[in-house]
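Order of the sequence lines sets the chain letters (A, B, ...), proteins ahead of strands, with each chain counted from 1. As the structure is a prediction and not an experimental result, all values here were calculated from the model. Atoms considered below: every heavy atom in the structure, side chains included; atoms not considered: hydrogens, waters and symmetry mates.
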Amino acid sequence: MKIATFNINGIKARIEVLLAWLDESQPDIVGLQEIKSQDEPFPRAAFEEKGWHVETHGQKGFNGVALISKIPPSEVNRGLPGEEKGEPDEQARFIEGVWETDAGPLRVVSLYLPNGNPVGEDRKWGYKLRWMERLHRWSQERLALEEMLVLAGDYNVIPEPRDACHPENWAGDALFQPESRAAFRRLLALGLTDAIRACDGSEGLFTFWDYQAGAWPKNNGIRIDHLLLSPEAADRLLSADIEKHVRGWEKPSDHVPAAVNLRVES
DNA sequence: ATGGTGGAGGGTCCA
């Protein structure tokens with residue numbers, strides 16, 4: 001069972017790239033981020049024609065997440081619970097699906113964590129830190145189910161210096177602040193496994209290269225797209241990979257897909 | 001010069 005995450009930076013601008021990648025990569029479940037579309041105008045027919053099932057959680061203009069899968073999910077939940085219990089998030093950044101497998105239910109989340117810049121401004125930076133606390137509480141509750149869980153998405157967090165080509169350039173950025181990195185470590189401390197890192201400890205594993213200043217040809221990238229696995233999912237982890245070559249395609253996203261393979265046979 | 005580029009939408013806001 002191949003589960004992938006891909007920040008596509010606009011579904012309307014990325015239909016061709018996404019269809020080509022789905023055809024090549026053959027994932028079973030994909031979490032998309034930054035669809036930048038409301039649910040109604042999402043071009044779902046282009047995917048349904050090729051046999052994909054589509055679940056969206058969009059909003060106008062920016063943000064927005066989706067789940068694309070070969071088999072339809074048995075359950076879908078939209079939105080990360082808010083500050084107060086039962087209060088919905090004001091931004092579309094979270095969608096959860098459940099799929100039935102021979103090894104039991106598999107929960108997959110597509111999340112788009114707030115960027116958080118500029119640091120210090122409550123509307124952006126405070127929102128990011130509060131969102132990470134909410135994600136922590138939600139993860140704690142889900143982990144208590146002791147099921148296979150994959151928290152996949154654009155975390156907008158560079159976990160460690162080795163996850164950036166030039167870590168010194170990110171010193172003042174919300175993606176590399178001690179507070180956001182600590183919040184990411186607290187998520188891992190719940191018992192979640194960073195699948196890409198668990199499979200490859202080397203430097204130079206990146207998932208994002210800015211469109212500007214020739215970042216891609218210089219390989220000036222960062223690793224901010226992550227797949228965090230519950231112990232039950234990590235026990236079944238076969239491999240994890242970043243599909244870096246997609247950044248070199250025509251009209252690419254600034255992110256590339258990352259994926260895990262889980263053994264879900266009983 | 002201090003978002004240099006790119007996406008969405010039709011304002012600028014966002015990253």
Side-chain angles (χ1 to χ4, degrees), chain A residues 5-21 31-44 46-47 54 56-66 68 80 89-94 110-132 135 152-159 163-177 179-181 183-184 206-226 244 246-258:
Chain A
T5 181
F6 192 1
N7 179 322
I8 54 170
N9 189 21
I11 185 61
K12 295 169 189 73
R14 218 68 65 206
I15 290 178
E16 294 309 316
V17 162
L18 185 52
L19 285 171
W21 172 73
L32 302 178
Q33 301 87 36
E34 285 204 87
I35 62 173
K36 295 186 175 179
S37 168
Q38 290 173 300
D39 295 329
E40 193 276 321
F42 188 98
R44 55 172 52 243
F47 301 94
V54 179
T56 62
H57 180 45
Q59 67 175 88
K60 194 170 186 175
F62 55 105
N63 301 326
V65 288
I68 291 185
L80 179 64
D89 201 339
E90 62 268 32
Q91 297 185 15
R93 298 180 171 276
F94 187 97
S110 174
L111 67 89
Y112 177 46
L113 213 145
N115 174 292
N117 282 305
V119 171
E121 183 190 297
D122 184 72
R123 191 172 68 89
K124 301 288 190 69
W125 173 236
Y127 178 57
K128 176 176 196 159
L129 296 179
R130 289 192 293 275
W131 207 93
M132 294 188 83
L135 179 61
D154 176 358
Y155 283 71
N156 270 314
V157 174
I158 304 166
D163 296 311
C165 182
H166 297 296
E168 67 277 10
N169 291 354
W170 297 90
D173 196 284
L175 278 60
F176 198 52
Q177 288 307 291
E179 293 92 335
S180 35
R181 291 171 58 197
F184 186 80
F206 307 138
T207 63
F208 169 91
W209 296 260
D210 201 296
Y211 288 120
Q212 299 179 86
W216 167 243
K218 288 189 281 198
N219 195 31
N220 179 12
I222 52 177
R223 190 174 74 95
I224 55 175
D225 300 272
H226 309 298
K244 180 177 180 178
V246 176
R247 187 63 176 79
W249 288 3
E250 284 289 317
K251 213 170 172 346
S253 171
D254 41 7
H255 297 248
V256 295

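- In this structure, CG on A:Asp39 lies 8.0 Å from NE2 on A:His57, to the nearest 0.5 angstrom.
- Protein atom CG of A:Asp39 is 16 Å distant from nucleotide atom C1' of B:dA8, rounded to whole Å.
- For the pair A:Arg14 CZ and B:dT5 P, the interatomic distance rounds to 16 Å; values are reported in whole Å.
- Atom CD of A:Glu250 is separated from atom P of B:dG6 by 12 Å (rounded to the nearest Å).
- In this structure, A:Ser180 contributes its side chain and A:Ala174 its backbone to a donor-acceptor pair below 3.5 Å.
- Residue A:Ala213 is in base contact, counting any heavy-atom pair closer than 4.0 Å across all strands shown.
- Atom P of nucleotide B:dA8 and atom CD of A:Glu40 are separated by 16 Å, given to the nearest angstrom.
- Contact annotation: A:Lys251 side-chain N/O to B:dG6 OP1/OP2 distance is not under 4.0 Å.
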Take A:Thr5 and A:Thr207, measure what side chain to side chain contact (heavy atoms under 4.5 Å, CB included) needs, and give me the verdict at the end.
CA-CA 10 Å; A:Thr5 181; A:Thr207 63; over 6 Å; no
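- Distance CD (A:Gln38) to C1' (B:dG10): 14 Å, rounded to an integer number of Å.
- Taking atom P in both B:dT12 and B:dA1, the straight-line distance is 26 Å, to the nearest Å.
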Pick out the pairs of N or O atoms, protein on one side and nucleotides 13-15 of chain B on the other, that lie under 3.5 Å.
{"residue": "B:dC14", "atom": "OP1", "partner": "A:Arg123", "partner atom": "NH1", "Å": "3.2"}
{"residue": "B:dA15", "atom": "OP2", "partner": "A:Lys124", "partner atom": "NZ", "Å": "3.4"}
{"residue": "B:dA15", "atom": "O3'", "partner": "A:Asn115", "partner atom": "ND2", "Å": "3.3"}

Between A:Leu111 and A:Phe94, does the side chain to side chain contact (heavy atoms under 4.5 Å, CB included) criterion hold? Intermediate values first, please.
CA-CA 5 Å; A:Leu111 67 89; A:Phe94 187 97; 4.2 Å; yes
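- For the P atom pair drawn from B:dG3 and B:dC13, the interatomic distance equals 15 Å after rounding to whole Å.
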Yes or no on side chain to side chain donor-acceptor pair (under 3.5 Å) for A:Asn117 and A:Lys124, after CA distance, side-chain angles and deciding distance?
CA-CA 6 Å; A:Asn117 282 305; A:Lys124 301 288 190 69; over 6 Å; no
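- On the P atoms, B:dC14 is 15 Å away from B:dG9, given to the nearest whole Å.
- Look at CG on A:Asp210: it is 10 Å from P on B:dT5, rounded to the nearest Å.
- A:Ile8 has its CD1 atom 14 Å from the C1' atom of B:dG6, to the nearest Å.
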Side chain to side chain donor-acceptor pair (under 3.5 Å) assessment of A:Asn220 paired with A:Trp209:
CA-CA 6 Å; A:Asn220 179 12; A:Trp209 296 260; over 6 Å; no
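- For the P atoms, the distance from B:dT5 to B:dG10 is 25 Å, rounded to whole Å.
- Whole-Å rounding puts the A:Phe42 CZ to B:dG9 P distance at 13 Å.
- Not one N or O on the side chain of A:Tyr155 forms a donor-acceptor pair closer than 3.5 Å with the backbone of A:Leu113.
- With distances taken from any side-chain atom of A:Tyr211 to the nucleotides B:dT5, B:dA8, B:dG10, the minimum falls on B:dT5.
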